[in-house]
Amino acid sequence: MTGRFAPSPTGDLHLGNLRTALLAWLWARTGGGRFLVRMEDLDRGRVREQFYDRQLRDLAAIGLDWDGPVVRQSERTELYEDAIARLDTYPCWCTRAEIREAASAPHGELPEGAYPGTCRDLSSAEQAERAAGGRPAALRLRVEGVPGVDDFVLRRGDGAFAYNLAVVVDDADQGVNHVVRGHDLEDSTPRQLLLMRLLGLPEPEYHHVPLILGPDGKRLAKRHGAVTLEERPEAPDDVRTMLARTLGLSGRTPDELLREFDPSTLPTADCRLSADRRFDRAAS
Ligand code: GLU
């Protein structure tokens, strides 16, 4: 088994990220599997250099280790280019506002906010006219007959490769066959499965796991306060113990946790950080 944790170096990891990392690590390592860390750093406007090391430092501080070098997506753009060249795509010049407006009109079986296909069937003359406008085009995948999946972006207008494309290419290239990630990413899975099918890539086993919520019941974020390892009053070992508790595990050391870990008994509900920044067992 090869598992992975794939954070974006746009800030310090918060307790929710650390908990998902711990879980992915336990799952991979109990089976004697490999565990990789990959930096998903394609959104250059949001990435900050200092967070690569700080994120790795925090993972190590709670006792996690990983195999091989830490891969950076920003250094793998050729792989994404090759994948795009094998897919049926078209350029799209729509702005977010235009998509919002057009998407509010009903259009069959696509979910709310889905791309309505404005640029899908432009003639070459129309494409040339839009290109002459000077705004760089995004590239969208032409999706045929997949319920619930629209023509999603593979490469943004600013040149950045999209998360869905990169994650699929990298998981396959790195031999990742076991993906553990927050259930907030579950909506992307049908798009990723489609890309795998089109590219002839093997499908990993997916586990979308519960999240830590803030005291307001929303997904944990920096604004909730005391959410990163540095901000916590506890030592890193105690933070790990606390995170393990929320997973129903009582071990105190990584070895004890590995011996105890049983994926079939994991909690299925999100857990919540209380107003005094402690953990409730409250389900949502
Ligand atoms: N890079 C994504 C994130 O930080 C996670 C990707 C994944 O696990 O598929 O939310």
Side-chain angles (χ1 to χ4, degrees), residues 1-28 33-59 62 64 66-67 70-77 79-80 83 149 152-156 160-196 199 201-214 218-222 224 227-229 263 266 270:
M1 181 198 289
T2 300
R4 48 79 162 172
F5 180 60
S8 298
T10 55
D12 279 328
L13 296 172
H14 61 54
L15 294 171
N17 307 130
L18 291 170
R19 181 184 191 243
T20 303
L22 174 63
L23 189 47
W25 178 85
L26 284 168
W27 216 317
R34 298 195 321 134
F35 183 68
L36 311 179
V37 175
R38 179 173 72 228
M39 289 291 166
E40 305 219 316
D41 60 347
L42 292 175
D43 192 346
R44 302 309 294 169
R46 295 182 56 227
V47 166
R48 297 286 172 274
E49 192 55 40
Q50 68 267 32
F51 293 120
Y52 293 91
D53 283 348
R54 291 171 64 97
Q55 292 193 344
L56 296 175
R57 179 201 64 187
D58 286 354
L59 292 175
I62 61 161
L64 309 191
W66 50 91
D67 297 300
V70 172
V71 155
R72 294 185 176 198
Q73 288 189 323
S74 58
E75 293 169 358
R76 297 161 65 80
T77 52
L79 286 177
Y80 313 137
V149 179
F152 57 95
V153 169
L154 298 181
R155 188 173 193 166
R156 299 189 327 207
F161 292 97
Y163 156 67
N164 283 309
L165 176 82
V167 91
V168 154
V169 168
D170 283 337
D171 281 340
D173 181 69
Q174 297 186 281
V176 170
N177 56 11
H178 195 262
V179 172
V180 176
R181 59 186 179 192
H183 70 62
D184 53 327
L185 290 171
E186 198 156 2
D187 286 356
S188 332
T189 311
R191 292 173 166 188
Q192 294 175 15
L193 289 172
L194 172 63
L195 283 174
M196 280 170 220
L199 292 165
L201 301 174
E203 228 178 79
E205 186 179 315
Y206 286 105
H207 297 280
H208 292 99
V209 298
L211 304 178
I212 297 182
L213 307 177
K218 302 232 168 75
R219 196 161 63 134
L220 196 66
K222 195 104 195 166
H224 289 119
V227 295
T228 67
L229 210 51
L266 284 174
D270 292 333

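Just so you know, ligand 1 is whichever comes first in the structure, and atom 1 is the first atom listed for that ligand. Because only heavy atoms are used, hydrogens play no part in the values below, and waters and symmetry mates are left out as well, while side chains stay in.
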Quiz item: Side-chain contact, heavy-atom cut-off 4.5 Å: T189 with R181?
Solution: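 Touching, per the 4.5 Å side-chain cut-off.
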Quiz item: Do the non-hydrogen side-chain atoms of V71 and Q174 ever get within less than 4.5 Å of each other?
Solution: yes
Which ligand 1 atoms, with their elements, are less than 4.0 angstrom from a heavy-atom of [X]?
X	result
R4	7 (C), 8 (O), 9 (O)
S8	1 (N), 4 (O)
Y163	6 (C), 7 (C), 9 (O)
A6	1 (N), 2 (C), 3 (C), 4 (O), 5 (C), 6 (C)

Exercise. Report the nearest protein non-hydrogen atom to atom 10 (O) of ligand 1: residue, atom name, distance rounded to 0.1 Å.
Key: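 The protein heavy atom lying closest is L185 CD1, 3.9 Å.
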Practice problem: Write out the residue and atom name of the closest protein heavy atom to atom 1 (N) of ligand 1, then the distance separating them to 0.1 Å. | Solution: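 Here the closest protein heavy atom is E40 OE1, 2.6 Å.
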Quiz item: Does R38 pair with D171 as a salt bridge, N-O distance under 4.0 Å?
Solution: yes
Quiz item: Is any NZ, NE, NH1 or NH2 atom of the basic residue among D67 and R34 found under 4.0 Å from an Asp or Glu carboxylate oxygen of the other?
Solution: no
Practice problem: Assess F5 for proximity to ligand 1: is some non-hydrogen atom of it under 4.0 Å away? | Solution: no
Practice problem: Check the pair R72 / E49 against salt bridge (charged side-chain N to carboxylate O under 4.0 Å, His left out), numbers first and verdict last. | Solution: CA-CA 12 Å; R72 294 185 176 198; E49 192 55 40; 3.7 Å; yes
Exercise. Identify the heavy atoms of N17 and D12 that sit nearest to each other, and give their distance.
Key: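 Scanning both residues completely, I find the closest heavy atoms to be OD1-O, 4.5 Å.
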Quiz item: Which option, Q73, R38, R181, owns the non-hydrogen atom nearest atom 9 (O) of ligand 1?
Solution: R181
Exercise. Flag V167 as yes when one of its N or O atoms lies below 3.5 Å from any N or O atom of ligand 1, and as no otherwise.
Key: no
Exercise. Show your working on side chain to side chain contact (heavy atoms under 4.5 Å, CB included) between N164 and L154 and close with a plain yes or no.
Key: CA-CA 7 Å; N164 283 309; L154 298 181; 5.8 Å; no
